[in-house]
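What follows is a set of notes on a single structure, which appears directly below.
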Amino acid sequence: AALKMSAEIIVHRDDIIKEGWLIKQSKFLKEWRRRWFVLTPQYVCSFKAQGELRNPTEAIRLRECSSVKSADADVGKENALRIDTPGRVFFLIADTAAEREEWIGQIGRRMVRPGMMIEEEEEHD
């Protein structure tokens with residue numbers, strides 16, 4: 001039931017916690033595309049252009065994220081990170097290791113903590 005709500009999302013400048021360029025792997029073709037990412041208290045959104053605040057190309061709901069961590073081994077590239085959600089794993093690449101750590105820290109701080117989850121957590125190994 002993950003409806004594509006991103007068309008209705010409008011980011012307010014005051015809500016922006018972090019923003020910057022990341023390279024994102026596209027869902028179907030697995031191509032790497034440079035996108036402007038914006039972190040708000042509820043979402044990680046990606047846009048085609050810097051400064052855009054509406055109609056994100058991607059909107060990841062933070063409360064649906066189960067983990068965020070480095071992913072160099074997963075994608076075979078440096079400064080990679082992954083955001084795991086029930087429907088999809090998002091692979092992103094930052095310009096520097098410091099930038100990657102900053103994104104992981106900021107996103108991780110805003111995810112719903114285990115133990116606060118309403119439904120039972122299932123282990124996926």
Side-chain angles (χ1 to χ4, degrees):
L3 288 172
K4 200 75 176 116
M5 299 302 287
S6 43
E8 293 162 32
I9 293 172
I10 296 173
V11 173
H12 298 284
R13 182 134 310 276
D14 303 345
D15 288 342
I16 297 176
I17 295 158
K18 179 170 175 59
E19 57 185 338
W21 291 105
L22 290 171
I23 297 170
K24 176 176 86 74
Q25 192 176 44
S26 69
K27 184 171 184 178
F28 296 113
L29 300 175
K30 306 293 183 210
E31 294 169 340
W32 294 97
R33 299 183 179 140
R34 203 164 168 78
R35 292 286 183 260
W36 183 254
F37 275 79
V38 174
L39 173 65
T40 73
Q42 281 86 36
Y43 294 98
V44 181
C45 295
S46 66
F47 298 91
K48 286 192 172 152
Q50 181 175 347
E52 279 183 34
L53 295 173
R54 56 177 65 226
N55 300 336
T57 59
E58 208 78 67
I60 307 168
R61 233 183 244 278
L62 291 172
R63 61 184 170 86
E64 290 176 3
C65 298
S66 54
S67 73
V68 57
K69 56 192 172 203
S70 58
D72 292 14
D74 293 302
V75 297
K77 295 174 188 289
E78 288 189 345
N79 307 327
L81 62 143
R82 58 183 281 171
I83 303 172
D84 291 39
T85 71
R88 180 176 169 198
V89 177
F90 293 87
F91 289 107
L92 309 167
I93 299 174
D95 287 339
T96 64
E99 190 65 7
R100 174 190 55 195
E101 292 312 313
E102 173 78 6
W103 278 105
I104 290 175
Q106 293 287 359
I107 292 168
R109 256 194 291 261
R110 281 162 187 89
M111 286 175 8
V112 175
R113 290 279 171 268
M116 288 170 56
M117 297 293 282
I118 312 300
E119 56 270 12
E120 287 292 314
E121 287 260 344
E122 292 163 359
E123 280 300 319
H124 301 290
D125 279 329

Which heavy atom of [X] sits nearest a heavy atom of [Y], and at what distance?
{"X": "W36", "Y": "E19", "answer": "NE1-OE1, 3.3 Å"}
{"X": "C45", "Y": "V11", "answer": "SG-CG2, 4.2 Å"}
{"X": "K77", "Y": "W32", "answer": "CE-NE1, 3.4 Å"}
{"X": "M111", "Y": "S66", "answer": "CE-O, 3.6 Å"}
{"X": "D74", "Y": "S70", "answer": "OD2-O, 4.4 Å"}

**Q.** Contacts of type side chain to side chain donor-acceptor pair (under 3.5 Å), residue S46, not counting sequence neighbours
**A.**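 For S46, the residues satisfying side chain to side chain donor-acceptor pair (under 3.5 Å) (neighbours in sequence not counted) are T57.
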Q. Taking the side chain as C-beta and beyond, is there a heavy-atom pair between K24 and F37 under 4.5 Å?
A.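 K24 reaches F37 side chain to side chain.
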Q.
Can you confirm whether V38 sits close enough to R13 that some side-chain heavy atom of one is under 4.5 Å from a side-chain heavy atom of the other?
A.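 They are not in contact (no side-chain heavy atoms under 4.5 Å apart), so the answer is no.
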Rounded to the nearest 0.5 Å, how far does [atom2] of [Y] lie from [atom1] of [X]?
{"X": "N55", "Y": "I10", "atom1": "CG", "atom2": "CD1", "value": "7.5 Å"}
{"X": "N79", "Y": "T96", "atom1": "CG", "atom2": "OG1", "value": "6.0 Å"}
{"X": "E99", "Y": "I93", "atom1": "CD", "atom2": "CD1", "value": "13.5 Å"}

Q: Under the side-chain contact (heavy atoms from CB on, under 4.5 Å) rule, what do I17 and R110 come out as? Steps first, then yes or no, please.
A: CA-CA 10 Å; I17 295 158; R110 281 162 187 89; 3.0 Å; yes
Q) After noting the C-alpha distance and the side-chain angles of R61 and Q42, does the key distance pass the side-chain contact (heavy atoms from CB on, under 4.5 Å) rule? A) CA-CA 6 Å; R61 233 183 244 278; Q42 281 86 36; 6.0 Å; no
Q.
Looking at D72 and E78, would you say the former's side chain and the latter's main chain have a donor-acceptor pair under 3.5 Å?
A.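 Answer holds: no.
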Q) Do the side chain of R100 and the main chain of A80 share a donor and acceptor less than 3.5 angstrom apart? A)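 Yes; at least one donor-acceptor contact below 3.5 Å.
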Q: Determine, step by step, whether L39 and W103 satisfy the side-chain contact (heavy atoms from CB on, under 4.5 Å) criterion, reporting the C-alpha distance in whole Å, the side-chain angles of both residues, the deciding distance to 0.1 Å, and the verdict.
A: CA-CA 9 Å; L39 173 65; W103 278 105; 3.8 Å; yes
**Q.** N-O pairing of R35 and E58 below 4.0 Å
**A.**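 Judged by the 4.0 Å cut-off on N to carboxylate O distance, R35 and E58 do not form a salt bridge.
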Q.
Under a 4.0 Å threshold between the charged nitrogen and the carboxylate oxygen, would R88 count as salt-bridged to E64?
A.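 Salt bridge: no.
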Q: Starting from F28, walk the hydrophobic network (Ile, Leu, Val, Met, Phe, Trp, Tyr; side-chain heavy atoms closer than 4.5 Å) and list everyone else you reach, by chain and number.
A: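 Members other than F28 - counting any ILVMFWY side chain reachable under 4.5 Å - there are none.
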Q. In this structure, which one of V89, L62, I107, I104 forms a side-chain contact (heavy atoms from CB on, under 4.5 Å) with I83?
A.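 Testing I83 for a side-chain contact (heavy atoms from CB on, under 4.5 Å) against V89, L62, I107, I104 leaves exactly one candidate, I107.
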Q.
Under the criterion side-chain contact (heavy atoms from CB on, under 4.5 Å), I'd like the reasoning laid out for V68 against L81: C-alpha separation, chi angles, the key distance, then a yes or no.
A. CA-CA 7 Å; V68 57; L81 62 143; 4.1 Å; yes
**Q.** Linked, directly or transitively: I60 and L22 (ILVMFWY side chains, under 4.5 Å)
**A.**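 Hydrophobic grouping puts I60 with L22.
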